[in-house]
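Numbered from 1 within each chain, the chains take letters A, B, ... in sequence-line order.
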Number of protein chains: 2
Amino acid sequence: MTRILVVEDEPAIRDMIGFALKQAGFQYDESEDAEQALAAVASGPPDLVLLDWMLPGMSGADLVRRLRGEEITAGLPIIMLTARVGENDRVHGLELGADDYVTKPFSPRELIARINAVLRRSVAVAGEQPIEFDGLCLDPVGHRVRTDGETLALAPTEFRLLHFFMSHPDRVYSREQLLDRVWGRGVFVEERTVDVHIRRLRKALAGRGYDRFIQTVRGTGYRFSTGN
Amino acid sequence: MTRILVVEDEPAIRDMIGFALKQAGFQYDESEDAEQALAAVASGPPDLVLLDWMLPGMSGADLVRRLRGEEITAGLPIIMLTARVGENDRVHGLELGADDYVTKPFSPRELIARINAVLRRSVAVAGEQPIEFDGLCLDPVGHRVRTDGETLALAPTEFRLLHFFMSHPDRVYSREQLLDRVWGRGVFVEERTVDVHIRRLRKALAGRGYDRFIQTVRGTGYRFSTGN
DNA sequence: TGCCGTTGTCACACTATTGTAACATTGCTG
DNA sequence: CAGCAATGTTACAATAGTGTGACAACGGCA
């Protein structure tokens with residue numbers, strides 16, 4: 001499930017966006033200002049940010065700059081919502097690092113279309129970069145996992161699982177969520193199947209001690225994290 | 001320093017691109033139309049051309065054709081900027097010889113990403129140079145493959161397959177992708193056909209142990225790599 | 001025309017992968 | 001500490017994915 005963070009101070013617009021997102025099958029969180037948004041992002045980065053240009057307090061532009069500055073959120077796709085139509089402002093917004101912009105008033109369909117377009121692009125671009133944690137390196141393009149020197153042999157599902165975890169570190173996922181995002185929607189398997197694959201992945205990662213990255217959160221699910 | 005030639009008649013977009021390129025550490029020149037561009041290229045070819053599809057006077061398509069026609073600029077990487085979204089136009093642009101295309105409106109970050117991708121490819125491919133891995137040498141011009149001294153006899157499809165693999169090492173390709181890029185788009189054959197040709201290629205490479213370069217990635221496709 | 005290399009497809013063999021169930025262990029709650 | 005729920009672990013049968021050899025069609029060429 002794709003998670004979208006909406007940063008918008010005007011309740012009416014927020015509701016409309018929320019409705020459109022729900023219709024389109026996105027999961028979303030809402031923030032009324034930049035501070036709330038930063039907190040939300042810190043507690044777990046979404047897959048995309050919908051950001052109003054005009055916000056009380058810290059402006060949308062400032063928020064973009066902040067997000068781009070942080071290591072973790074530097075690649076986060078951002079779509080600006082703006083009432084301004086001048087070419088200058090548009091260029092300015094894009095220069096700051098937004099991936100796209102939508103001018104008010106906009107139709108829900110246009111919004112969804114742009115979200116999908118940006119997500120496609122960001123997946124295509126960001127999805128190709130190798131991901132590394134503490135010497136454990138996953139290369140999506142070459143479809144390999146390396147630990148200082150040696151290449152691990154992972155079964156397809158193990159690879160997808162690890163790939164998902166390393167793309168979303170420090171977040172707990174329930175078995176149901178993992179089934180959705182690693183196995184795919186509409187696939188019906190027992191939830192306990194996840195446990196077995198976690199076990200297999202851990203076994204593959206062990207030996208070099210990397211199994212400690214796959215953590216159990218009792219009563220909730222599993223998490224990938226280099227700390228604890 | 002990588003030099004990029006921007007051919008774009010609209011000043012606002014030119015400025016935005018210029019800013020993005022400067023940010024990304026590229027050096028760039030600007031041309032407002034095809035004639036200026038030709039002159040700029042003649043005075044010293046850039047490393048890449050960013051080319052608007054719609055230009056006053058000679059169109060972007062014509063310019064691509066001209067550049068491809070000249071010996072010196074035939075291999076010059078070209079990225080098309082286009083407002084058109086129809087599949088036909090996109091395919092047409094690529095068929096003419098553009099290496100990639102970006103549809104307006106685009107974000108600076110996407111543009112930079114695509115530029116880097118195209119540059120990587122063009123450096124890696126470099127066209128007509130022989131490609132060598134660990135004593136296995138493929139000569140695109142002479143259309144032959146040598147292993148320390150001896151020349152391998154490869155069937156045409158086997159040669160194209162190996163050529164593609166050696167041009168794109170350490171990347172996994174699905175059967176579908178391989179059919180697209182080795183057999184050509186619009187060719188309808190069974191996916192399992194790829195397996196058979198992989199088998200034949202491996203058989204031809206074996207004997208000297210080079211079949212180990214052709215690796216199976218179960219559930220995904222095949223990969224050419226000297227490591228594992 | 002007959003020969004030969006190439007190619008796509010199929011049938012079958014083989015193996016890794018996978019989901020599940022069954023049992024063991026852990027950790028919480030009262 | 002008992003009892004219970006959650007998770008770890010193992011084994012196994014079914015299956016999907018790949019390797020392999022054979023074969024017929026096709027086209028070039030002598």
Side-chain angles (χ1 to χ4, degrees), chain A residues 143-145 151-165 172-207 210-224 228, chain B residues 143-145 151-165 172-207 210-224 228:
Chain A
H143 220 267
R144 294 195 247 219
V145 180
T151 304
L152 300 180
L154 294 185
T157 307
E158 286 156 36
F159 183 87
R160 286 202 310 277
L161 186 56
L162 181 60
H163 187 12
F164 176 75
F165 270 136
V172 179
Y173 290 94
S174 70
R175 292 169 175 74
E176 192 187 340
Q177 288 175 312
L178 289 172
L179 285 178
D180 258 16
R181 306 200 48 170
V182 177
W183 274 254
R185 311 175 189 198
V187 178
F188 174 68
V189 287
E190 293 293 321
E191 290 204 342
R192 291 299 313 273
T193 298
V194 175
D195 297 35
V196 179
H197 280 274
I198 289 283
R199 149 79 171 155
R200 288 170 180 158
L201 182 53
R202 278 176 172 153
K203 196 184 250 177
L205 291 178
Y210 288 112
D211 54 332
R212 71 193 171 87
F213 291 171
I214 310 286
Q215 297 159 3
T216 304
V217 181
R218 200 180 171 81
T220 310
Y222 296 96
R223 171 180 55 200
F224 180 95
N228 30 355
Chain B
H143 217 266
R144 58 182 68 183
V145 179
T151 303
L152 298 181
L154 293 186
T157 307
E158 285 157 36
F159 182 86
R160 286 203 311 278
L161 185 56
L162 181 60
H163 187 192
F164 176 75
F165 269 136
V172 175
Y173 290 94
S174 68
R175 292 169 175 75
E176 193 187 340
Q177 289 175 312
L178 289 171
L179 286 177
D180 258 15
R181 307 202 50 172
V182 178
W183 275 254
R185 306 178 188 202
V187 178
F188 174 68
V189 288
E190 292 293 319
E191 289 204 342
R192 292 298 313 271
T193 298
V194 174
D195 296 36
V196 179
H197 281 273
I198 289 283
R199 151 79 172 153
R200 288 168 181 160
L201 181 54
R202 277 176 172 155
K203 200 183 248 179
L205 291 178
Y210 288 114
D211 54 333
R212 73 192 171 88
F213 291 171
I214 311 287
Q215 298 159 1
T216 304
V217 180
R218 192 168 244 265
T220 308
Y222 297 96
R223 170 181 56 201
F224 180 95
N228 35 353

> Could you give the CD-to-P distance, from B/Gln215 to D/dG17, as a whole number of Å?
Replying inline: 21 Å

> Should the pair A/Phe224 and A/Phe165 be assigned to parallel (<30°), tilted (30 to 60°) or perpendicular (>60°) ring geometry?
Replying inline: parallel

> Taking only residues two or more places apart in sequence or in another chain, which ones pass side chain to side chain contact (heavy atoms under 4.5 Å, CB included) with A/Arg202?
Replying inline: A/Ile198, A/Asp211, A/Ile214, A/Thr216, A/Tyr222

> Are any of A/Arg200's side-chain N or O atoms less than 4.0 Å away from OP1 or OP2 of D/dG8?
Replying inline: no

>> Reading DNA chain C from 5' onward, which residue's closest nucleotide shows up sooner: A/Leu154 or B/Glu158?
In response: B/Glu158

> Using rotation axes that map the C1' atoms of four end pairs onto the next four (five pairs an end), what angle separates the end axes of the helix from C/dT1-D/dA30 to C/dG30-D/dC1, to 10°?
Replying inline: 20°

> Whole Å only: how far is the CG atom of B/Leu201 from the C1' atom of D/dT20?
Replying inline: 15 Å

> Do any side-chain nitrogens or oxygens of B/Tyr222 fall under 4.0 Å of OP1 or OP2 in D/dG17?
Replying inline: no

> Taking 5' to 3' order, which nucleotide of DNA chain C is first and which is last to have an atom within less than 4.0 Å of a heavy atom in chain B?
Replying inline: C/dT6 to C/dT17

> Do any side-chain nitrogens or oxygens of B/Arg175 fall under 4.0 Å of OP1 or OP2 in D/dT18?
Replying inline: yes

>> Could you work out, with side-chain hydrogen bond (donor to acceptor under 3.5 Å, both in side chains) as the rule, every residue matching B/Arg160, not counting sequence neighbours?
In response: none

> Under the side chain to side chain contact (heavy atoms under 4.5 Å, CB included) test, which residues partner A/Glu176, sequence neighbours left out?
Replying inline: A/Ser174, A/Glu191

>> So, using side chain to side chain contact (heavy atoms under 4.5 Å, CB included) as the criterion, who are the partners of A/Glu158 when residues are at least two apart?
In response: A/Leu154, A/Ala155, A/Arg200, A/Leu201, A/Ala204

>> Using a 4.0 Å heavy-atom cut-off, does A/Val217 contact any base of the nucleic acid, only the sugar-phosphate backbone, or nothing at all?
In response: sugar-phosphate

>> Restricting to side chain to side chain contact (heavy atoms under 4.5 Å, CB included), what partner residues turn up for A/Val217, sequence neighbours left out?
In response: A/Val172, A/Thr220, A/Arg223

> B/Arg218: what forms a salt bridge (Lys or Arg N to Asp or Glu O under 4.0 Å) with it, not counting sequence neighbours?
Replying inline: none

> Looking for any heavy atom pair under 4.0 Å, which part of the strands does A/Thr193 touch: base, sugar-phosphate only, or nothing?
Replying inline: base

> Can you name the residues that form a salt bridge (Lys or Arg N to Asp or Glu O under 4.0 Å) with B/Arg144, not counting sequence neighbours?
Replying inline: none

> Per the side chain to side chain contact (heavy atoms under 4.5 Å, CB included) rule, which among A/Val194, A/Asp195, A/Thr193 passes with A/His197?
Replying inline: A/Thr193

> Got A/Leu162 and A/Leu205 here, is their nearest side-chain heavy-atom distance under 4.5 Å?
Replying inline: yes

>> Please report the distance, rounded to the nearest Å, between CZ in A/Arg160 and C1' in D/dA16.
In response: 13 Å

Output a table of nitrogen or oxygen pairs between the protein and nucleotides 24-29 of chain D separated by less than 3.5 Å.
none

> Considering residues at least two apart in sequence or located in another chain, which fulfil the side-chain hydrogen bond (donor to acceptor under 3.5 Å, both in side chains) criterion with A/Tyr173?
Replying inline: A/Arg171

> Can you name the residues that form a side-chain hydrogen bond (donor to acceptor under 3.5 Å, both in side chains) with B/Thr151, not counting sequence neighbours?
Replying inline: B/Arg146

> Starting at NZ of A/Lys203 and ending at P of D/dT9, how long is that distance when rounded to a whole Å?
Replying inline: 9 Å

> B/Glu191 has an atom CD; how far is it from atom P of D/dG17, in whole Å?
Replying inline: 11 Å

> What about B/Arg192: does its side chain form a donor-acceptor pair under 3.5 Å with the base of D/dG17?
Replying inline: no

